[in-house]
Participant: 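Structure provided below as structure tokens; questions to follow.
Because only heavy atoms are used, hydrogens play no part in the values below, and waters and symmetry mates are left out as well, while side chains stay in. Lettering follows sequence order; numbering is per chain, from 1.
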2 protein chains.
Amino acid sequence: MPDETTEAAWTRLMRAQGAAISHVEAALKDAGLPPLAWYDVLLEVERAGKAGIRAIDLQQKLLLPQYGISRLLSKIEAAGYISRQSSTEDGRSQEIVITAAGRQLRRRMWAVYGPAIEQAVGSKLTASERETLAGLLEKLTSPRADA
Amino acid sequence: MPDETTEAAWTRLMRAQGAAISHVEAALKDAGLPPLAWYDVLLEVERAGKAGIRAIDLQQKLLLPQYGISRLLSKIEAAGYISRQSSTEDGRSQEIVITAAGRQLRRRMWAVYGPAIEQAVGSKLTASERETLAGLLEKLTSPRADA
DNA sequence: AAAAAATACATGCAATTGCATTGACATTCA
DNA sequence: TGAATGTCAATGCAATTGCATGTATTTTTT
């Protein structure tokens, strides 16, 4: 059974993330922009450049279920922000590339997303606190110690 | 625009919470138990004792949307773990009380939930790190500084 | 006291998500 | 090589969620 400090850290982790993401999603919605997940996709696809990125790589980077990525890409493609073309090297997979409109949308989203993060996280902690926090959270994601 | 430490803290907060909650939800599901939200409800209702607790108070404690609570309570009630009786003091509201089966379920869930938290959080950090983490996360949830 | 506003909760409907399966191609193995 | 297995992605269907609204009750206003 976990001790008190573990319970406290767990609870606050849930609350803090919930509050922070609600704030950011609400800011995007208020600005008439798509949800955060679209930003994550656009950013990765833009970073991948001309070569594009495969859906499965996106899936691993964003930690979404396979069908989640599949449907998310369908919507973003339908909206004209990315294009999917099946790979010449591997017939099963596809290269996803960002469009000009996609780059523009990502920028417009960042104009809202950035300040929202600043408000939810940046303004609440000092720089050194933010570093400490990032470091501790990083440890939580690290591979299991045991078995 | 947020600086690097803010971005890092934000990203790791999202990842760490996502990983931690996935781990816990999976543990519950593997054990054939209901989702975490049920535990939160059962715990609050159990704490409220004989007097019970109103749906709206639960809503505020758990930070769920009104319709979320309404439907969650319907399911838990249908499963026999709580009972709802409309309040004598306020005809609009209801007193929610835990049943014996509910208390038992909460205990069974804790037997899985506790160790899962321990694994996801407790085992990754020292006691003092956990305290530091909890403290920093607490600050994130604190009321806005500005406006 | 009657009317208006606010509060507590439920619910119809559309959109999203999760699960399981399928289809298409690629790789491995006998 | 051809059969079995593995990988990448899409999708039908059921369950869940979000939004807007509805119903009932209480509180406030005039």
Side-chain angles (χ1 to χ4, degrees), chain A residues 18 21-30 32-41 44-45 48 51-79 82-97, chain B residues 14 18 21-41 44-45 48 51-79 82-97:
Chain A
I21 201 155
S22 295
H23 178 253
V24 171
E25 293 281 17
L28 289 169
K29 177 171 275 197
D30 287 353
L33 292 168
L36 199 44
W38 287 42
Y39 183 88
D40 294 335
V41 168
E44 289 304 332
V45 175
I53 184 173
R54 297 183 309 157
I56 191 160
D57 294 330
L58 216 41
Q59 178 186 331
Q60 287 168 348
K61 275 184 186 289
L62 305 188
L63 301 175
L64 287 177
Q66 183 269 320
Y67 57 80
I69 286 288
S70 176
R71 293 201 266 230
L72 186 51
L73 293 178
S74 293
K75 283 182 226 162
I76 301 179
E77 182 187 34
I82 58 171
S83 77
R84 291 200 269 193
Q85 48 211 76
S86 68
S87 167
T88 50
E89 298 200 341
D90 185 334
R92 292 166 302 181
S93 74
Q94 47 189 245
E95 313 289 340
I96 297 145
V97 179
Chain B
M14 296 300 123
I21 201 156
S22 295
H23 179 252
V24 171
E25 292 282 16
L28 289 169
K29 177 171 276 196
D30 287 352
L33 293 168
L36 199 44
W38 287 42
Y39 183 88
D40 294 334
V41 168
E44 290 302 332
V45 175
I53 183 173
R54 296 184 309 157
I56 191 160
D57 294 330
L58 261 180
Q59 178 186 331
Q60 286 167 349
K61 275 185 186 288
L62 305 187
L63 301 176
L64 287 177
Q66 183 269 320
Y67 57 79
I69 287 287
S70 176
R71 292 202 265 232
L72 186 51
L73 292 177
S74 292
K75 283 183 226 161
I76 302 178
E77 181 187 34
I82 59 172
S83 77
R84 290 199 270 193
Q85 48 212 72
S86 68
S87 168
T88 50
E89 298 200 342
D90 184 335
R92 293 166 302 180
S93 73
Q94 48 191 240
E95 312 289 340
I96 297 145
V97 179

Participant: Would you kindly give the CG-to-C1' distance between A:Leu73 and D:dT11, to the nearest whole Å?
Facilitator: 15 Å
Participant: Does a donor on one side chain and an acceptor on the other come within less than 3.5 Å for A:Ser74 and A:Arg84?
Facilitator: yes
Participant: In whole Å, I'd like the distance from the CD atom of B:Gln94 to the C1' atom of C:dC9.
Facilitator: 7 Å
Participant: Listed in order of residue number, which residues of residues 62-71 of chain A have a non-hydrogen atom at under 4.0 Å from DNA chain D?
Facilitator: A:Gln66, A:Tyr67, A:Ser70, A:Arg71
Participant: Is there a donor-acceptor contact under 3.5 Å from the side chain of A:Glu25 to the main chain of A:Leu36?
Facilitator: yes
Participant: For the side chain of A:Lys75, starting at C-beta, report the closest nucleotide among D:dG18, C:dA26, C:dT16.
Facilitator: C:dT16
Participant: Choose from D:dC19, C:dA8, C:dA26 the nucleotide whose nearest atom is closest to any side-chain atom of A:Arg92.
Facilitator: C:dA26
Participant: B:Ser22 side chain to B:Gly18 main-chain N or O, any donor-acceptor pair under 3.5 Å?
Facilitator: yes
Participant: In terms of side-chain heavy atoms of A:Ala55, which of C:dT17, D:dA9, C:dC9 is nearest?
Facilitator: D:dA9
Participant: Apply side chain to side chain contact (heavy atoms under 4.5 Å, CB included) to the pair A:Asp40 and A:Leu58, showing each step before the final yes or no.
Facilitator: CA-CA 9 Å; A:Asp40 294 335; A:Leu58 216 41; over 6 Å; no
Participant: OP1 or OP2 of C:dA10 versus the side-chain N and O atoms of B:Arg84: is any pair under 4.0 Å?
Facilitator: yes
Participant: Nearest-Å distance, CG (B:Asp90) to P (C:dA6)?
Facilitator: 17 Å
Participant: Once you round it to whole Å, what is the distance between P of D:dT7 and CD1 of A:Ile56?
Facilitator: 9 Å
Participant: Write down the distance between CG (A:Leu72) and C1' (C:dG18), rounded to a whole number of angstrom.
Facilitator: 15 Å
Participant: Is it true that A:Ser86 and A:Gln94 share a donor-acceptor pair across their side chains at a distance under 3.5 Å?
Facilitator: no
Participant: Just how far, in rounded Å, is P of D:dT7 from CD of A:Glu89?
Facilitator: 19 Å
Participant: Rounded to whole angstrom units, what separation is found between the CD atom of A:Gln59 and the P atom of C:dG18?
Facilitator: 13 Å
Participant: Minimum heavy-atom separation for A:Ser83 and A:Gln85, please, with both atom names.
Facilitator: OG-OE1, 3.5 Å
Participant: Between atom CD1 in B:Ile53 and atom P in C:dA8, what is the gap in whole Å?
Facilitator: 13 Å
Participant: By side-chain hydrogen bond (donor to acceptor under 3.5 Å, both in side chains), which residues pair with A:Gln59, not counting sequence neighbours?
Facilitator: none
